[in-house]
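What follows is a single structure, written as C-alpha cells, with notes after it.
Whatever order the structure lists ligands and atoms in, that order sets their numbers, starting from 1.
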Amino acid sequence: MTMVIRNLRIAGPTPLPPEVVAALQRPMVPHRGAWFRSFVRDLLGRLRVLHQTDGEVFVLPGTGSAGWEVAIVNLLRPGDRVLLLVNGDFGERWCRVAERFGLDLVVREVPFGRAVRPEAVARWLDESPGTRAVFLVYNETSTGVTNPLREIAAVVRESGALLAVDGVSAVAGCPLEMDAWGVDLVFSGSQKAWMCPPGLLIVAVGPRAWPAVERAGFPRAFFDLREYRAAARTGDFPSTAPVSLLYALEAAVARIEAEGLERVWRRHEELAGWFRFAASELGFRCFAEAGFESPTVTALLPPAGIDPERLVATLEERYGIAINGGQGRLKGKIVRVGHMGWIERVDLESVCAALQREVGAFSGS
Ligand code: PLP
C-alpha cells in the first residue's frame, strides 16, 4: 500500500523538485570514466561556492549521523580534549557517539530551546585549556534553534581550537560563509535543504583542518578524508560513486544557483518568519528563544489542551500533511514543521489552514 502524503513538512527528507526526480532516472555510466570524473569535479567545485569556501568539499555515501564520526576520527586522537556544545537532541546524539572514542570530552549544555551563546563558549574554553576542537550543531532540528555560528566561530578561532559543525539541517538553508567565519569542518545531509533523497553526506574541510587530519589517531577506513581528497583530485571516489544521488545533487545545486544562494537564504528566513507569525495567531508558541529561531524548521508548543502527538497523527490522517512531533526529551511536548529546500508560502498556508481547523476542533469551537 502506498501512503499518500500531499504535503511533506517533516524536517527531512524534504520534497524533491521535479528536476531532481528526473535526475534520479538518468542511466548509469562508468563511474570511473572520463565523463563522470569531470562531472564530479565540476560538482565539487560548485559545492565549494555554495559553502563559500576555497577549501575542499567531498560527498560521502552516508547520512548525517556519519558526519559525527567523520569529524571525530579525522580531527582527533584518543585523549584529545573536545568541547561539545549541546542544546538539543542532535547535540546529545553527537555526545553519545563521541563517548565511545576515549576522548577527553567536555560537554556543556544549555536548556533546550535556547541558543548557545558566544560569551559562554569563551568562558568554557577558558575553563578547559588545551581544547583541540569544539563541536557544535548549527541548526538544532529537534528544537528549531539556530545557534549564532558566526559569533561562536570567532570565539573559537581566538582560542586556537578547531571548529567542527553539524550543519545537517542548515547548509543550503541557513547562511554559511565557511571561510569568512572561520569554520574548519561542516557536514550536511542530502535529504534536508539540499532537496535530495537521503544517502549523501556533504563534508566541507577548511585549510586549518588538514594538519589535524594528518595527526588524527583513530582507526579510520571508509571515513578517511585523506582518501576522499586523493580521489577527488581526479573526480574519483574511494568506493563506487553513488551515481544517481550525485545526479540528483547536481540538479539541486543548479536550482540553488539559478535562484541565487543569498536569495535562497532570504526565502527560508522570510517563510520561517511568516510561519511563526501565522502559528502564533493560532495560539501556538514558538519553542525557540526569540532571535534564534531556525529558518529551516519551526518547533511549536501547541495551545493548552492540545496533544502534540495526536495533532501530528490527525494532520496526516485527515489532510495528508506530514509534520514531526518532538524527539528525545521533547517527545509529546512540541510539534515541528520543516520548511527547507523546495518550499513556497502556499505549502505553509495549507499547514496553517489544517492547524486552524484542528485547534478549533480540539478546543470545541
Ligand atoms: N544532525 C542533525 C542536526 C539532524 O537534523 C539530523 C537528522 O535529522 C542528523 C544529524 C542525523 O542525520 P541522519 O538521520 O541523516 O543520519
Side-chain angles (χ1 to χ4, degrees), residues 8-16 59-73 84-100 107 109-110 112-116 134-149 152 163-176 183 185-204 222-223 242 245 248-249 252 268 272 287-288 292-299 312 322-331 334-341 343:
L8 181 64
R9 296 271 60 91
I10 58 171
T14 59
L16 308 180
V59 182
L60 279 61
T63 68
S65 310
W68 300 325
E69 195 163 335
V70 164
I72 294 166
V73 300
L84 210 158
L85 305 166
V86 176
N87 64 336
D89 193 57
F90 289 103
E92 279 200 317
R93 290 203 207 176
W94 201 347
C95 268
R96 288 203 289 276
V97 173
E99 277 162 4
R100 297 178 207 181
V107 179
E109 186 178 312
V110 304
F112 289 13
R114 301 189 69 86
V116 176
V134 176
F135 288 176
L136 173 75
V137 178
Y138 181 13
N139 186 71
E140 240 313 338
T141 324
S142 67
T143 61
V145 169
T146 302
N147 287 308
L149 177 59
I152 292 172
L163 177 61
V165 173
D166 172 337
V168 170
S169 62
V171 183
C174 303
L176 173 69
V183 174
L185 185 146
V186 57
F187 55 88
S188 55
S190 51
Q191 80 275 26
K192 305 281 190 187
W194 292 112
M195 308 173 275
C196 286
L200 297 180
L201 178 77
I202 298 106
V203 185
F222 192 78
F223 290 148
L245 290 174
L249 184 60
H268 281 80
F287 186 70
F292 299 95
E293 303 97 334
S294 166
T296 58
V297 55
T298 296
V312 171
I323 64 171
N324 295 111
Q327 61 184 81
R329 294 188 216 173
L330 293 170
K331 194 164 176 53
I334 55 171
V335 297
R336 291 174 301 140
V337 176
H339 32 74
M340 63 186 102
I343 164 98

Starting from [atom], what is the nearest protein heavy atom, named by residue and atom, and what distance separates them?
| atom | result |
| --- | --- |
| atom 6 (C) of ligand 1 | Phe90 CE2, 3.2 Å |
| atom 3 (C) of ligand 1 | Thr141 OG1, 3.2 Å |
| atom 8 (O) of ligand 1 | Lys192 NZ, 2.6 Å |

Can you list the ligand 1 atoms lying under 4.0 Å from a non-hydrogen atom of [X]?
| X | value |
| --- | --- |
| Gln191 | 13 (P), 15 (O) |
| Thr63 | 13 (P), 15 (O), 16 (O) |
| Asn139 | 3 (C) |
| Asp166 | 1 (N), 2 (C), 3 (C), 10 (C) |
| Ser65 | 11 (C), 12 (O), 13 (P), 16 (O) |

(message) Would Gly64 count as being in polar contact with ligand 1, using the rule that some N or O on each side must be under 3.5 angstrom apart?
(response) yes
(request) Check if Trp68 has a non-hydrogen atom at a distance under 4.0 Å from any atom of ligand 1. (result) yes
(message) Could you tell me if the side chain of Val171 sits less than 4.5 Å from the side chain of Trp194, heavy atoms only?
(response) yes
(message) Please verify the inter-ring angle class for Trp94 with Phe135; under 30° counts as parallel, over 60° as perpendicular, anything in between as tilted.
(response) parallel
